[in-house]
Peer 1: 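Have a look at the structure that comes next, please.
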Amino acid sequence: MTLKKINPTQTKSWEKLNDHFDKIKNKKIKSLLEERNNPDNFNITWEDFNVDLSKNIIDDTTLDLLLQLAEECELSDAISKQFYGQVINETENRAVLHTAVRSLKSSEIELDGVNIIPSLEKTREKIKDFTNNVLSGKLKGSTNKKFTDIVNIGIGGSDLGPVMIVEALKYYSTSLKTHFVSNVDGDHVLEIIKKLDPETTLFIVVSKTFTTQETLSNANTIKNWLISKLGKNCVVKHFAAVSTNENAIKEFGINSENVFPMNDWVGGRFSLWSAVGLSISLSVGYNNFNNLLLGANKMDDHFKNTSYRSNIPVLLALISIWYNNFFKAETQAVIPYTQYLNRLPAYLQQAIMESNGKSVDRNGDTVDYQTGNIIWGDTGTNAQHAFFQLIHQGTKLIPCDFIGFKKPLHKENTQHDKLMSNFFAQTEALMMGKTENEVVNELKSSNTSTEKIDSLKAFKIFPGNKPTNTLLINKLSPESLGSLIAMYEHKIFVQGVIWNIFSYDQWGVELGKQLASKVLKEINENKISNHDSSTSSLLKNYLSNS
Ligand code: F6P
């Protein structure tokens, strides 16, 4: 019923991968490109996606062994357990069904003997009606004015997914301006409030638990501000909520018609497809929201039904494991070549690092191998002028995902070829590097003196052999974006399965919640209890200035 507990390092393929690593580790990608028997295995075309995996330090054998590793870790068993609602989130005793939320109306998924699709469909209908009513002006504020602005109040999974998608799909925006408040830092909420007209703003409180300190503090600050401007009765008209905690919502004063359910079998960081995406639907219209879900659903089908050899999330996960566990590359960068995806790295940081940042395996034993990587990145070409120096010439191996689109969104965009030439040139340069000969010839051709060439050349050499995956997608649309995000979700899952960890809990984050409330009590009472000497002295310092 639950996931199998297989230590990947005890498998035959892991042992073979170790031996194979010694043979291949110093090989050049540019020669591997020529040596591979079947180059098609390293380039996958699916729907609007072309995924080029050929610029990696892998050959036919590496691929075969990685695929064997997936078999030995019984990945297919894990995939069907996830999709069919088994309790694979064992430590929280929950199924993991974000894929059900975006599945088609006609599908059937049973949980505890009940088909959950009709109730999910009901929520989708509610999101649709609410979106249309706000956009048409049927639903108005307490002073009978049409809404012009919406504010999503949430944090973590109740913020990062919606904010990333709303930013990514800005081109498809409706007339509503969308804002996000997440941090418990009061300056964040106050900066947002500054821009708002209380009469025309709708607030959506998104919190699975409705107990999160950040979200409740921001919601209460906003509620008090709104009441001070429009009076007590405005709350029912200006607030909506997305949560599993009906009692707390009622207590807050939110009209039950504006309440959207969540399910405990959808993890926060995988929840943008559910009612948590209400701000997305309002921001881009329900049809676009629905297309986002359809795109994700198509990727789900691809992941479920395609053999591992041409399965995009499976291959990306295995290649990432190859660098993480054999090359010991600790980090991985994601570089989207579109400004619209500027929040993707932050979103993926939560999705990947909260999921796979675990050091205890599914048996409860401490692992003696590496698990979740550190994820970071920024948009190209901005990133080229920031951290690419380190990727090209630094001491660390940083595998990168390059994401680019064949077509720009704006018809008047005359710069797209410039953007994309950088995209292609960078992955080529990262692989090819620049040899001493090339450096010397280049300097000679610009009439540099021999003396100067000798003193400069070492600094101008690029070692190359830096691995990249290239994702070339036709166009940034709600559908392709849905597929892209679902692709990363499945990659996370495959890695977690192989590393023998639980990807869907987050006990490490819970600690912060408990500790902060204890310290807050001490600050409020001006009474510092027992801490280590460093913390006590910092707290004393803080209280002496307040
Ligand atoms: O960051 C930890 C976490 O538990 C996330 O998983 C979740 O998305 C976030 O906090 C917010 O929780 P809630 O939606 O219950 O307010």
Side-chain angles (χ1 to χ4, degrees), residues 88-98 101 123 127 151-166 180-185 188-189 203-223 239-252 254 258-280 343-358 372 374-375 485 488-489 492-493 496 501-517 520:
I88 63 165
N89 177 359
E90 222 180 284
T91 65
E92 292 181 338
N93 196 28
R94 285 172 183 162
V96 176
L97 280 169
H98 47 280
V101 180
T123 307
I127 296 172
V151 181
N152 187 89
I153 310 167
I155 194 163
S158 301
D159 167 71
L160 285 161
V163 79
M164 180 274 292
I165 301 278
V166 166
F180 290 86
V181 177
S182 52
N183 202 328
V184 75
D185 177 1
H188 188 191
V189 62
F203 298 93
I204 309 166
V205 190
V206 186
S207 176
K208 190 167 158 181
T209 53
F210 224 85
T211 57
T212 306
Q213 186 199 45
E214 290 88 342
T215 304
L216 291 190
S217 307
N218 286 326
N220 279 310
T221 298
I222 286 171
K223 183 174 156 186
F239 273 93
V242 182
S243 182
T244 52
N245 189 343
E246 285 171 33
N247 291 339
I249 298 171
K250 214 172 176 184
E251 210 173 292
F252 189 88
I254 297 175
N258 296 351
V259 175
F260 294 78
M262 279 175 87
N263 301 96
D264 69 2
W265 31 264
V266 176
R269 56 194 173 274
F270 300 93
S271 65
L272 69 91
W273 323 99
S274 70
V276 169
L278 184 61
S279 59
I280 303 173
R343 294 304 303 267
L344 182 66
Y347 164 79
L348 288 177
Q349 280 177 335
Q350 188 206 15
I352 297 174
M353 291 159 77
E354 198 167 278
S355 299
N356 285 339
K358 314 283 164 66
I374 300 161
I375 296 295
I485 302 308
Y488 275 113
E489 287 182 344
I492 293 168
F493 172 61
I501 53 176
F502 287 121
S503 298
Y504 295 113
D505 58 20
Q506 57 286 312
W507 299 106
V509 189
E510 306 301 326
L511 176 70
K513 294 184 186 175
Q514 292 161 11
L515 295 182
S517 50
L520 180 62

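Along the sequence shown, the residues carry numbers beginning at 1. Worth knowing before you read on, the calculation uses all heavy atoms, side chains too, and leaves out hydrogens, waters and symmetry mates. As the structure lists them, so they are numbered: ligands from 1, and atoms in each ligand from 1.
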Peer 1: What is the nearest protein non-hydrogen atom to atom 4 (O) of ligand 1, stated with its residue, atom name and distance?
Peer 2: Lys513 NZ, 3.5 Å
Peer 1: How far is atom 11 (C) of ligand 1 from its nearest protein heavy atom, and which residue and atom name does that atom have?
Peer 2: Ile155 O, 3.2 Å
Peer 1: Hey, which atoms in ligand 1 end up nearer than 4.0 Å to a heavy atom of Thr209?
Peer 2: 13 (P), 15 (O), 16 (O)
Peer 1: Kindly assign one of parallel, tilted or perpendicular to the pair His98 and Tyr504, based on the angle between their ring planes and the thresholds 30° and 60°.
Peer 2: tilted
Peer 1: Check for me whether Glu214 has a heavy atom closer than 4.0 Å to any atom of ligand 1.
Peer 2: no
Peer 1: Could you check if a side-chain atom of Thr215 sits within less than 4.5 angstrom of a side-chain atom of Val206, using non-hydrogen atoms only?
Peer 2: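 Counting from C-beta outward, Thr215 and Val206 never come under 4.5 Å.
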Peer 1: Could you pull out, from Gln506, Glu354, Glu510, the option with a heavy atom nearest to atom 5 (C) of ligand 1?
Peer 2: Glu354
Peer 1: Tell me if the CD atom of Glu251 is crowded by more than 12 foreign heavy atoms within 6.0 Å.
Peer 2: no
Peer 1: Counting from 1, what ligand 1 atoms have a heavy atom of Gly157 closer than 4.0 Å?
Peer 2: 7 (C), 8 (O)
Peer 1: Near Val509, which atoms of ligand 1 are under 4.0 Å from a heavy atom of that residue?
Peer 2: 1 (O), 2 (C)
Peer 1: Taking the six-membered ring for Trp, are Tyr347 and Tyr488 closer than 6.0 Å centroid to centroid?
Peer 2: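 No; Tyr488 has its ring centre 6.0 Å or more from that of Tyr347.
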Peer 1: List ligand 1 atoms under 4.0 Å from Thr212, heavy atoms only on the residue side.
Peer 2: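 Listed by number with element: 12 (O), 13 (P), 15 (O), 16 (O).
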Peer 1: Donor-acceptor check, side chain of Glu214 to backbone of Asn183, threshold 3.5 angstrom: yes or no?
Peer 2: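 Not at all, since once roles are kept as given, no pair shorter than 3.5 Å links the two residues.
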Peer 1: Using side-chain heavy atoms (C-beta onward) and a distance below 4.5 Å, is Arg94 in contact with Asp505?
Peer 2: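 Not touching, per the 4.5 Å side-chain cut-off.
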